[in-house]
Amino acid sequence: MCDRSFTLPVKEAVVNKGHRFVFCVGMRRGGSTLQSQLVAAILGQPSVQLVSQDSVQRFLRTHRNTDHVVIAKTHRYLPEAVELARAGEAQIVYTYRDLRDVVASIVTKYSIPAFAFVHGGLDRLMDEYEAWTSIEGIYLAKYEAMIADLPAETSRLAKFLGVRLSKSQAQAIAEAHCLEQQRTKIRRHAADDGSGRNRFHSETLLHIDHIQGGGMGRHRETLSAPIVAALEWQSRRWMKVNGYRPQFSRPAQYSAHMLFTLKSALHRCKSFRIR
């Protein structure tokens, strides 16, 4: 049952004293908000702060002398976070998801043409993944495994953070952050920060349309077969390394990739003529 709220009391969150920050830097639309909520609950903190490349220096100055662990969430690669991690002052947690489902989620939420991810957009997602996951000692969570067993994921995450959790505490935290509870939070808490399609509630970090189902394989319903095949070609090595099975054969993937490459070239030619 998903029927209660739970945050570990601060006095029970025994964390490595050298870590002043936890950076939650997961893949866009890949479970990063859920992971940051779990970190906050485990550490007994009420909120997570959003940081960007523009605001990170101000964020670090503000919390220079803070006497508790501060949790930050971002997607873009932050050299400052990496430096702190290498100095033993910060921990970094990352979650990733099937790139096809990530694209499907972004396309649905932001009304971005799926074609944009065949040429360019997917590269940016994979570049962020490579940048963050190349850091030694980072915590990695696979979205599909996290959703399949949230209590187990909560326990693994707590162990990484240096927090002693009982099975009942891990279960309680997981129940408080299950899909049903997340939807309840969205209904109860009006968005009070951000703008446009990025309006969200400042404490939960949930957008009004944050949850589109929460399951796996949504790309089959959202994206056309040629788009999926082209994405699979572009991310074929990434998918193999991370254990994601392709939907289409390698020849079909390559054919779709070449088709979109040709369409893109023709589009550029037409644009050039108009100018």
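These numbers come from the heavy atoms of this one structure, side chains and all, not from hydrogens, waters or symmetry mates.
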Side chain to side chain contact (heavy atoms under 4.5 Å, CB included) between V48 and V39, worked out | CA-CA 9 Å; V48 176; V39 170; over 6 Å; no

With rounding to the nearest 0.5 angstrom, report the [atom1] to [atom2] distance, [X] to [Y].
X	Y	atom1	atom2	value
S235	D123	OG	CG	10.0 Å
M146	T154	CE	OG1	9.5 Å
F117	I227	CZ	CD1	10.5 Å
T66	H68	OG1	NE2	5.5 Å
Q234	R236	CD	CZ	9.0 Å
Q35	Y96	CD	OH	11.5 Å

Common cluster, [X]/[Y], ILVMFWY with side-chain heavy-atom separation under 4.5 Å:
X	Y	answer
L259	Y254	no
W233	M126	no
M258	F115	no

State, to 0.1 Å, how close [X] and [Y] come at their nearest heavy-atom pair, and which atoms those are.
X	Y	value
R100	L223	O-CD1, 3.7 Å
R28	L125	CD-CD2, 3.9 Å
A90	A81	CB-O, 4.5 Å
C24	I71	SG-CG2, 3.9 Å
T108	A104	OG1-O, 2.9 Å
L84	R20	CD2-NH2, 4.1 Å

For Y244, is the NZ or CZ atom of K142 found under 6.0 angstrom from the centre of its six-membered ring and inside 45 degrees of the ring axis?
->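 The answer is yes; both the distance and angle limits are met.
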
Quick one, [X] and [Y] - any side-chain contact, counting heavy atoms below 4.5 Å?
X	Y	result
L99	L231	no
S32	K73	yes
I112	I106	yes
I135	Y94	no
V82	F23	no
I138	F160	no
V93	T95	no
K240	R237	no

Under 3.5 Å donor-acceptor, [X] side chain and [Y] backbone:
X	Y	answer
E144	D98	yes
S36	T33	yes
S55	V51	no
H75	G26	yes
S134	E130	yes

Does the side chain of E232 come under 3.5 Å of the side chain of Q247 through a donor N or O and an acceptor N or O?
->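 The answer is no; no qualifying pair exists.
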
If we ignore angles and hydrogens, is there a donor and acceptor under 3.5 Å between the side chains of Y129 and N242?
->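 Yes, N242 and Y129 have a side-chain donor paired with an acceptor closer than 3.5 Å.
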
Charged N-O contact under 4.0 Å between E153 and R156 =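 Yes, this pair counts.
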
Check step by step if side chain to side chain contact (heavy atoms under 4.5 Å, CB included) holds for L150 and L34.
-> CA-CA 10 Å; L150 199 53; L34 173 58; 4.1 Å; yes

CA sep, side-chain torsions, deciding dist, call: V25, L78, side chain to side chain contact (heavy atoms under 4.5 Å, CB included) = CA-CA 9 Å; V25 300; L78 298 177; 6.0 Å; no

